[in-house]
Amino acid sequence: MSAPRSELTSKQQHELVAAAKRAYENAYAPYSNFRVGAAVLLDGGEVFAGCNVENASYGLTNCAERTAIFSAIAELGSKRTKIRAIAVVNDRNVACSPCGACRQVITEFGADADIFYIGPKGVQRSSMRELLPNCFSSESLT
Ligand code: THU
């Protein structure tokens with residue numbers, strides 16, 4: 001078990017949410033018309049953004065969170081992709097937390113990450129462990 005980490009400053013939080021908001025401008029969402037943006041903050045301080053990319057098959061849609069994470073890995077490699085926090089927003093500013101698939105992918109690279117997402121009263125924070133308790137992990141494979 002790793003040591004608890006200090007909370008993000010409110011400036012860091014605002015910057016991460018702002019990066020996520022910028023990202024939904026590039027969303028490709030002609031089927032749902034629901035534009036989502038995400039931004040991941042890595043332990044090294046780097047920020048990577050992502051948007052949802054839909055597909056006519058529907059099922060091949062990639063959520064904003066996974067786009068951001070995969071972008072970080074493509075740029076820095078998996079060893080440097082340690083997620084400190086991730087912010088997720090949408091163009092309707094409605095409550096929306098990461099889907100189950102994205103929770104599993106966030107956990108892979110950030111089991112202790114903070115997740116900032118729109119709740120009923122605006123942006124709220126949960127820990128990854130709160131969002132995906134007792135999750136499947138690589139520890140089962142060793
Ligand atoms: N979506 C995301 O990108 N992230 C989420 O956390 C929830 C859902 C996208 C997928 C799809 O393009 C659209 O929102 C509607 O489900």
Side-chain angles (χ1 to χ4, degrees), residues 1-2 4-141:
M1 192 89 121
S2 50
R5 290 185 281 183
S6 59
E7 284 189 15
L8 261 60
T9 63
S10 68
K11 183 171 179 270
Q12 283 177 307
Q13 288 178 34
H14 284 114
E15 283 178 1
L16 201 59
V17 169
K21 283 187 178 163
R22 286 193 297 275
Y24 71 58
E25 298 295 339
N26 285 339
Y28 176 69
Y31 306 105
S32 70
N33 282 314
F34 188 61
R35 300 160 82 81
V36 184
V40 279
L41 171 67
L42 305 184
D43 280 356
E46 306 93 337
V47 172
F48 286 86
C51 56
N52 54 332
V53 182
E54 298 188 343
N55 188 272
S57 71
Y58 289 28
L60 287 177
T61 289
N62 208 62
C63 292
E65 297 91 319
R66 280 176 286 143
T67 305
I69 294 166
F70 296 161
S71 167
I73 292 168
E75 185 73 20
L76 297 181
S78 58
K79 285 205 179 93
R80 288 173 62 193
T81 302
K82 310 278 184 230
I83 302 174
R84 171 70 191 85
I86 181 164
V88 193
V89 297
N90 59 79
D91 64 346
R92 299 184 200 170
N93 208 28
V94 294
C96 174
S97 65
C99 77
C102 287
R103 291 178 194 206
Q104 186 69 39
V105 172
I106 298 165
T107 293
E108 184 83 16
F109 302 101
D112 295 310
D114 286 323
I115 322 299
F116 295 92
Y117 57 98
I118 315 259
K121 296 177 193 159
V123 176
Q124 67 178 60
R125 175 175 64 97
S126 295
S127 70
M128 200 51 240
R129 291 181 199 281
E130 286 169 324
L131 291 189
L132 195 61
N134 303 319
C135 68
F136 179 72
S137 82
S138 59
E139 282 162 31
S140 304
L141 305 174

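One-based numbering, in listed order, for ligands and for the atoms of each.
Listed here is the closest heavy atom pair of F34 and E54: O-OE2, 4.5 Å. Of all non-hydrogen atoms in T107 and C135, the two that sit nearest each other are CG2-SG, 3.5 Å. In terms of heavy-atom proximity, L141 sits nearest to F136 at CD2-CZ, 4.0 Å.
Protein heavy atoms are found inside the 4.0 Å sphere centred on atom 3 (O) of ligand 1.
By the neighbour-count criterion of 12 heavy atoms within 6.0 Å, atom CD of E7 is sparsely surrounded, having that number or fewer from other residues, nucleotides or ligands.
Within the 4.0 Å heavy-atom cutoff, P98 counts among the residues contacting ligand 1. Ligand 1 lies out of reach of A29, whose nearest heavy atom is not under 4.0 Å from it.
Considering only heavy atoms from C-beta on, L41 stays 4.5 Å or farther from E15 through its side chain. You'll find the side chain of R80 reaches within 4.5 Å of the side chain of E46, heavy atoms only.
Per-residue contacts place V36 under 4.0 angstrom from the following atoms of ligand 1 (heavy atoms of the residue considered): 1 (N), 2 (C), 3 (O), 4 (N), 9 (C), 14 (O). Each of the following atoms of ligand 1 lies closer than 4.0 Å to a heavy atom of S97: 6 (O). Heavy-atom contacts of S32 reach the following atoms of ligand 1: 13 (C), 15 (C) (cutoff under 4.0 Å). Taking every heavy atom of E65 and a limit of under 4.0 angstrom, the matching atoms of ligand 1 come to 2 (C), 3 (O), 4 (N), 5 (C), 6 (O). Each of the following atoms of ligand 1 lies closer than 4.0 Å to a heavy atom of T61: 10 (C), 11 (C), 12 (O). Close approach of ligand 1 to C99 (heavy-atom distance below 4.0 Å) involves ligand atoms 6 (O).
C96 SG, 3.9 Å is the protein heavy atom nearest to atom 7 (C) of ligand 1. Here the protein heavy atom with the shortest distance to atom 9 (C) of ligand 1 is N52 ND2, 3.7 Å. The nearest protein atom to atom 11 (C) of ligand 1, hydrogens excluded, is given as E54 OE2, 3.3 Å; this is a heavy-atom distance. For atom 14 (O) of ligand 1, the closest heavy atom belonging to the protein is F34 CD2, 3.4 Å.
Interatomic distance, CZ of R84 versus OG of S6, reported as 6.0 Å (0.5 Å rounding).
Considering R125, Q12, E130, Q13 as possible partners of D114, the one that fulfils the side-chain contact (heavy atoms from CB on, under 4.5 Å) test is R125.
Under 4.0 angstrom from ligand 1, the non-hydrogen atoms of C63 come from both its backbone and its side chain.
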*asked:* Go through it in stages, so that I can follow the logic: the residues are S97 and R103, the test is side chain to side chain contact (heavy atoms under 4.5 Å, CB included), and I'd like the CA-CA distance, side-chain angles, deciding distance and then a yes or no.
replied: CA-CA 9 Å; S97 65; R103 291 178 194 206; 2.8 Å; yes

